[in-house]
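If you're wondering where the values come from, they're calculated on a predicted model, not measured in any experiment. Every chain is numbered from 1, with letters handed out A, B, ... down the list of sequences.
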Number of protein chains: 2
Amino acid sequence: MNDERGAWLPQPGPDELDIGTVLQALADPTRRQIVALLDVVGEATCTSLDLPVKVSTVSHHMKVLRESGVVSTRVDGNTRPSRLRHADLERRFPGLLTSIIRATPVPSGSSTRSDDADDR
Amino acid sequence: MNDERGAWLPQPGPDELDIGTVLQALADPTRRQIVALLDVVGEATCTSLDLPVKVSTVSHHMKVLRESGVVSTRVDGNTRPSRLRHADLERRFPGLLTSIIRATPVPSGSSTRSDDADDR
DNA sequence: TGGACATTACGATGGCGATCGTAATTGGAG
DNA sequence: CTCCAATTACGATCGCCATCGTAATGTCCA
């Protein structure tokens with residue numbers, strides 16, 4: 001009954017972003033790795049990311065990131081590509097996300113799994 | 001090495017600041033409140049801060065903040081005033097501390113206990 | 001229609017950390 | 001010297017959360 005193309009999973013509005021919730025989300029190393037990867041590839045799904053945790057855990061982390069307002073998730077068929085809410089975060093917390101990404105080393109070899117890969 | 005006049009508690013160097021450690025430290029609400037208060041009063045001791053937790057807990061939080069590189073602590077008699085390492089943090093993570101402080105509301109009435117306040 | 005795949009809801013578990021009370025240490029004041 | 005205040009090390013407790021396995025749901029394709 002929901003044939004809406006371009007559906008988005010529920011997320012806080014740009015003015016509802018809470019610094020505590022955002023920091024708690026970004027405090028986890030795995031979630032920070034997800035953020036760093038998203039910054040590189042632009043958009044990715046849970047299974048496309050090559051992380052040292054199980055997919056169900058990645059899904060959990062993505063939910064935390066979405067509910068905190070760090071990422072937004074789009075419904076596309078049976079996949080849910082997520083991307084960083086770079087503009088919203090920059091407007092609300094200038095420099096925060098950028099500094100974190102810049103200081104978060106991306107483990108070599110962990111890009112994506114040829115889902116929407118960029119290089120090569 | 002041992003300058004009796006200006007002793008400092010051990011802390012990471014400016015180039016040893018780790019984004020993960022810093023974020024973990026700033027993820028806690030009480031520690032963020034400490035940071036916000038330090039930004040207002042400039043320098044404060046554990047007992048001078050009026051917080052909803054016991055002094056031993058404040059001391060613990062201050063240690064976490066110091067070991068993460070967020071604050072530096074000076075030895076002054078039998079007290080240890082701490083202050084924000086604003087410059088070091090700004091150089092390493094531009095905008096991070098500023099955004100967090102700006103977005104962290106300071107509960108009204110919780111300044112210091114007239115210990116070393118100099119709010120004009 | 002049936003099978004393969006992506007996502008996630010759910011429950012269980014193990015570990016980490018925030019908080020406390022207590023005690024020990026140390027410097028300052030009388 | 002004696003007392004007090006400040007700090008913190010230590011141990012205990014307890015709640016939260018990262019992670020997992022499993023199962024349920026939904027989509028796409030042959």
Side-chain angles (χ1 to χ4, degrees), chain A residues 1-11 20-35 43-68 70-83 112-116, chain B residues 4-11 20-35 43-68 71-83 112-116:
Chain A
M1 65 175 67
N2 199 344
D3 52 39
E4 174 80 44
R5 292 278 183 227
W8 299 82
L9 264 46
Q11 64 176 34
T21 309
V22 169
L23 285 179
Q24 189 122 26
L26 294 175
D28 183 79
T30 304
R31 284 195 287 264
R32 232 165 30 240
Q33 198 166 339
I34 293 177
V35 167
E43 201 177 47
T45 65
C46 288
T47 49
S48 71
L49 293 174
D50 197 15
L51 295 166
V53 292
K54 297 301 174 185
V55 182
S56 60
T57 304
V58 177
S59 176
H60 163 69
H61 284 317
M62 205 65 85
K63 180 180 182 180
V64 173
L65 288 173
R66 172 167 36 86
E67 291 179 341
S68 69
V70 175
V71 307
S72 62
T73 304
R74 180 170 57 92
V75 176
D76 176 41
N78 62 350
T79 70
R80 285 101 199 272
S82 300
R83 70 180 72 170
T112 60
R113 310 175 60 204
S114 70
D115 183 329
D116 41 13
Chain B
E4 64 287 345
R5 195 55 180 142
W8 299 83
L9 265 44
Q11 63 177 34
T21 310
V22 169
L23 285 179
Q24 190 123 23
L26 294 175
D28 183 79
T30 303
R31 284 196 287 264
R32 249 186 351 263
Q33 198 167 340
I34 293 177
V35 167
E43 200 177 49
T45 65
C46 288
T47 49
S48 71
L49 294 174
D50 198 14
L51 294 166
V53 291
K54 297 301 174 186
V55 182
S56 61
T57 303
V58 178
S59 177
H60 164 69
H61 283 317
M62 205 64 86
K63 179 180 183 180
V64 173
L65 288 173
R66 171 167 37 86
E67 291 179 340
S68 70
V71 308
S72 63
T73 304
R74 181 171 56 93
V75 175
D76 176 41
N78 63 350
T79 71
R80 286 101 201 272
S82 301
R83 70 181 70 171
T112 60
R113 332 179 88 209
S114 68
D115 183 336
D116 44 11

TODO: Nearest-nucleotide wise, let me know which of A/Gln24 and A/Val55 is further upstream toward the 5' end of DNA chain D.
DONE: A/Gln24
Open item on the list: Quick check for you: among C/dT7, D/dC20, C/dG21, whose closest atom lies nearest to any side-chain atom of B/Lys54?
Closed with: C/dG21
Open item on the list: Taking the minimum atom-to-atom distance to the side chain of A/Ser56, which one of C/dA18, C/dT22, D/dT22 wins?
Closed with: D/dT22
Open item on the list: Checking the side chain of B/Asp28 only, and the main-chain atoms of B/Arg31 only, is there a donor and an acceptor separated by less than 3.5 Å?
Closed with: yes
TODO: Return the nearest nucleotide to the side chain of A/Asp28; candidates are D/dT19, C/dT19, C/dT8.
DONE: D/dT19
Open item on the list: With a cut-off of less than 4.0 Å, is there a side-chain N or O of B/His60 near OP1 or OP2 of C/dA18?
Closed with: yes
Open item on the list: Quick one, A/His61 with A/Val58, criterion side chain to side chain contact (heavy atoms under 4.5 Å, CB included). Give me CA distance, side-chain angles, the key distance, then yes/no.
Closed with: CA-CA 5 Å; A/His61 284 317; A/Val58 177; 5.6 Å; no
TODO: Would you kindly give the CD1-to-C1' distance between A/Ile34 and C/dT7, to the nearest whole Å?
DONE: 14 Å
Open item on the list: What is the separation between atom CG on B/Leu65 and atom C1' on C/dG17, rounded to the nearest whole Å?
Closed with: 14 Å
Open item on the list: Counting the atoms with a prime plus P, OP1 and OP2 as sugar-phosphate, which does B/His61 contact under 4.0 Å by heavy atoms, base, sugar-phosphate, or nothing?
Closed with: sugar-phosphate
Task: Residue closer to the 5' end of DNA chain D, B/Arg66 versus A/Thr30 (nearest nucleotide) - done: B/Arg66
Task: CD-CG distance between A/Gln11 and A/Leu65, expressed to the nearest 0.5 angstrom - done: 12.0 Å
TODO: For A/Leu9, report the nucleic acid contact type (base, sugar-phosphate, nothing); a contact means any heavy atom under 4.0 Å.
DONE: sugar-phosphate
TODO: Round to a whole Å and report the spacing from CD of A/Glu67 to C1' of D/dC17.
DONE: 14 Å
Task: Whole angstrom value for the distance that separates P of C/dA18 from NZ of B/Lys63 - done: 13 Å
TODO: For B/Arg80 and B/Val75, indicate whether the former's side chain and the latter's backbone hold a donor-acceptor pair under 3.5 Å.
DONE: no
TODO: Assign A/Thr79 to base, sugar-phosphate, or nothing according to its heavy-atom contacts below 4.0 angstrom with the strands shown.
DONE: sugar-phosphate
